[in-house]
Each structure stands twice: as structure tokens, then as C-alpha cells.
Amino acid sequence: MITTTTRQHTLRDHLPGRHTARAANSVEHQAMLASRLTVRDKWLLALLHEHRVLTSFQIQDAAFPSGRSARQRVLDLYLWRAISRFQPFQQLGSAPMHYVLGPAGAAVLAAEHGLEVKELGYRHDRAMAIAHNQRLAHTVGVNDFFTSLIARTRHTKADEAVTAWWSESRCARHFGDLVIPDGYGRWRNHHHGTTMEVEWFLELDTGTESLTKVGRKLAGYARLAESTGIATPVLVWLPTTRREAGARTALARVHAGLDAPHTVPVATAAADLLDPASPHPSPAEAVWLPLTSTRTGRARRRYSLADLSDAWPGLAPPASPGTEDGEGETAAAASPYRLPPPSPIPPRATPNRIARGEN
């Protein structure tokens, strides 16, 4: 849940799964999937390929109206080998089931884009290796951030929407020589006939890094802004307001020392500012505190995600969506080892006379 932060040390080796008969991943099986996979299923496969792992709660937030419908559909996808799963061990309570792209799902995804599976850069053992990765909690936390925004888009106001979500690996391909954000996103708000959009790079802190290291990342964003000529806000999401207070001091110290601080707008927020009893808590709420040029980094009030642009009046609006780093229309086409980013908003659920229970 977005209002809590899982520490990596609370997770251990994943639990052995309950034995369930699954279909063999043959050519005939993949042909069968053509009649069973919905547009929403294929969208979910693309999302898993882009973002590596999603929990059962995140899948529900992203695409399903209820936990029951989500469980029914992901079970079908698991039995068809479209997705695979594991459950990390927790000393207290039970971790949710975690899902990754499965062999049959990779075959379908590759065929959709006219590629071979190897051209996706996919191997099942590598996909499952996230279960043992020391950054599992961090990856899940980043995905929690964005899927909570998707849930807000789906269940609350129709005039707000998350319009872009790039993974860390996609960010690394574009900006990795200067800085590697944990993610990139856009939020659009339509109010009184005016459409406003804000873009940002995400830095998610789980409380394990030193605050000095968190602050040093701003130098990389300053180099990126100088290289591209684009000032993109950096949003730092922290587990608690106590951690946020310390981070703001470290960030303000580095930010004040930059050659052009105005090219790196920064705002911070903490997960414990959200109400866990709210139906769909998300970082879109008024929890963001901009960093000023003062040493203490004090600001007057917290902003919602939609209003953050008001905190930086001189900030230029984002460029038109649909291109990746200015590469033009060809960026939307798939190429070996590179698929276009999936839309963060799922397609409408479609009735399927063969596959039951997915709506």
C-alpha cells in the first residue's frame, strides 16, 4: 500500500508456491491464447515487461474493479503461463503475491510487435530473479507510487489522469550517462476549460540510503538540465515526515550550491501524510512541499500534484507527449530490445465468451 513502506530487510527468500497444474508453453498453447487473451490482458503483460514486477494489489489498482475479479483473472493468466508468480517471506503477516512476465506472455508480447522472444531481452530465469534481488522492495515501492495514481485516475475524478509512466530501465537508456531516475511520469489536470500538465522524475527513498547520498543526486539532475535545456521537477517520495525533514536539509544544502538551482525544481512528500483509510490514497493529494533556495528549504504550503506547477511560475510546460526524448514518431514503433512504453491507463475490459470472470 502506498501509505506504508516495505523495507528490504523484512523480505527473505520467497515461499515455495502451492503446486498447481499449468499449461505447457507450446506453439499450440500460444495459438490457443489468441482466443483467450483480452486487450487488457495484453496490456498487463506489457506493463509487467516494462516494470518487472507487480503485486496482486497493484494489479487490482491498475486494471480491476475488485480484488475478486483481479484474483480470478491473474489465476487464469498464471495457469496459462502468461505470467509467473512468487511470494516473499515476511516475519510478520504475509506478503502479497508478486507477478512477473511468464514465458507464454513473453511469446505473445513479442509476436504482437513482430519480434522474436530473444529480441525482447526476456529470459524466464531473469524475470524470476527479481524475487531474490536486493532492490525488490524499492522496485515494488516505485510501482506502488504509480499504480496508486492509476487507481485515482480510474476511480475518482475524470478530469485528472496519469499520462506517462517510464520505468527505471527506460530512464537509464535515455539519461543514464548523467543520472538514473527511479521513474518518470506525467499528470494531467483539466479544470475550468484549462488543461494543465506536469512532468517529473521520481526519486523514491525507502529509508535505507544515507541522506547525503539522496542530496548528491541533484547534481546529476543539474547536469541533465544543462544538457537538454529542460527544467524537469524532481519529486522525492519518503516513508515518513521525520525522514522528509532530514532529507530536506540535505537537499537544500546541495540545491543551494548548484550553479543554476532554478533548473532543478524539487519537491518532497512522505507516505505517512496520506490517509490509509481513504478509498484511493495517492501522491496526487496535497502532500508536496517545494524546496526553496534557502538553506532550510522551508515552503509556505503543500501542493497537490496538479497544482505543483504553481510552485514554480517560471517552469515551461512539458513538451507534447508521444515522443521519447525528442526522437520523433519512430519512437512509437517497437525495435529489438526496445518496446514503446505502455500507456499507464488500461484499456476497457471487454467481454470474452471463452475467458470468464475477467471483468
Side-chain angles (χ1 to χ4, degrees), residues 138 141-142 145 164 166-168 170-187 196-270 273 283 286-319 324-326:
H138 183 271
V142 171
F145 182 97
W166 286 12
S167 65
E168 180 181 8
R170 187 175 297 273
C171 289
R173 289 201 299 270
H174 286 278
F175 318 116
D177 54 336
L178 298 173
V179 67
I180 303 179
D182 292 329
Y184 165 83
R186 287 182 182 233
W187 184 258
M196 301 292 292
E197 193 165 27
V198 61
E199 64 179 346
W200 70 89
F201 292 121
L202 175 67
E203 286 292 339
L204 184 135
D205 173 75
T206 59
T208 57
E209 283 187 328
S210 71
L211 293 176
T212 302
K213 185 176 180 180
V214 173
R216 282 202 301 263
K217 293 182 179 181
L218 296 187
Y221 286 106
R223 291 192 296 270
L224 177 62
E226 181 182 7
S227 174
T228 62
I230 301 173
T232 303
V234 178
L235 303 188
V236 184
W237 183 255
L238 300 116
T240 64
T241 50
R242 181 177 180 179
R243 175 78 173 177
E244 182 190 17
R248 288 181 66 82
T249 300
L251 289 166
R253 186 181 302 113
V254 176
H255 194 259
L258 297 177
D259 292 336
H262 66 280
T263 64
V264 189
V266 179
T268 65
L273 291 169
V287 295
W288 294 101
L289 193 62
L291 194 71
T292 68
S293 58
T294 65
R295 186 173 180 83
T296 58
R298 293 176 182 171
R300 294 182 179 179
R301 66 180 179 92
R302 292 187 183 266
Y303 292 79
S304 68
L305 195 55
D307 294 334
L308 255 182
S309 56
D310 296 339
W312 306 296
L315 188 66
E324 289 190 23
D325 200 26

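Reckoned from all heavy atoms, side chains included, excluding hydrogens, waters and symmetry mates. In this text, all values refer to a predicted model and were calculated from it rather than measured experimentally.
Interatomic distance, Trp237 CH2 to Asp205 CG, rounded to the nearest 0.5 Å: 12.0 Å. Atom CD1 of Ile180 is separated from atom CG of Leu224 by 11.5 Å, given to the nearest 0.5 angstrom. Within the model, atoms CD of Glu244 and CG of Leu251 stand 9.5 Å from one another, a figure rounded to the nearest 0.5 Å. If you take CG on Asp182 and CZ on Phe145, they are separated by 10.5 Å, rounding to the nearest 0.5 Å. Atoms NE2 and NE2, on His262 and His255 in that order, are 10.0 Å from each other to the nearest 0.5 Å. With rounding to the nearest 0.5 Å, the separation of OG1 in Thr263 from CG in Leu218 is 10.0 Å.
Within the 4.5 Å cutoff, the side chain of Tyr303 has no heavy atoms near those of the Ser309 side chain. At a threshold of 4.5 Å between non-hydrogen side-chain atoms, the residues Glu199 and Ile230 count as touching. Annotation: side chain of Glu209 is not in contact with side chain of His138 (no heavy-atom distance under 4.5 Å). Contact check for Leu238 versus Val214: no side-chain heavy atoms found under the 4.5 Å cut-off. Side chains of Glu226 and Asp259 form no contact here, defined as non-hydrogen atoms less than 4.5 Å apart. Using a 4.5 Å heavy-atom threshold, the side chains of Leu235 and Leu308 count as touching. Side-chain contact between Tyr221 and Leu258 is absent, with no heavy atoms from C-beta onward closer than 4.5 Å. In this structure, Leu305 and Trp200 have side chains that are in contact, with non-hydrogen atoms separated by less than 4.5 Å.
Side-chain atoms of Arg253 never come within 3.5 Å of backbone atoms of Gly215 as a donor-acceptor pair (strictly under, hydrogens ignored). Side chain of Arg248 to main chain of Pro290: a donor-acceptor pair is present (N/O by atom type, distance under 3.5 Å, no hydrogens or angles).
The two residues Cys171 and Pro181 have their closest heavy-atom pair at CB-CD, 3.8 Å. The two atoms that bring Ser304 and Trp288 nearest to each other are C-CD1, 4.3 Å, heavy atoms only. Across every non-hydrogen atom of Leu178 and Ser227, the tightest pair is CD1-CB, 3.9 Å. Shown here for Gly246 and Leu211, the closest heavy-atom pair between the two residues is C-CD1, 3.5 Å.
Geometrically, Arg186 does not engage Tyr184 in a cation-pi contact defined by less than 6.0 Å to the ring centre and at most 45° from the axis.
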Worked verdict on Glu203 versus Val234 for side chain to side chain contact (heavy atoms under 4.5 Å, CB included): CA-CA 7 Å; Glu203 286 292 339; Val234 178; 4.1 Å; yes
Verdict with supporting geometry, Leu273 and Arg302, side chain to side chain contact (heavy atoms under 4.5 Å, CB included): CA-CA 11 Å; Leu273 291 169; Arg302 292 187 183 266; 3.4 Å; yes
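Using a 3.5 Å distance cut-off with no hydrogens or angles, the side chains of Thr208 and Thr206 do pair a donor with an acceptor.
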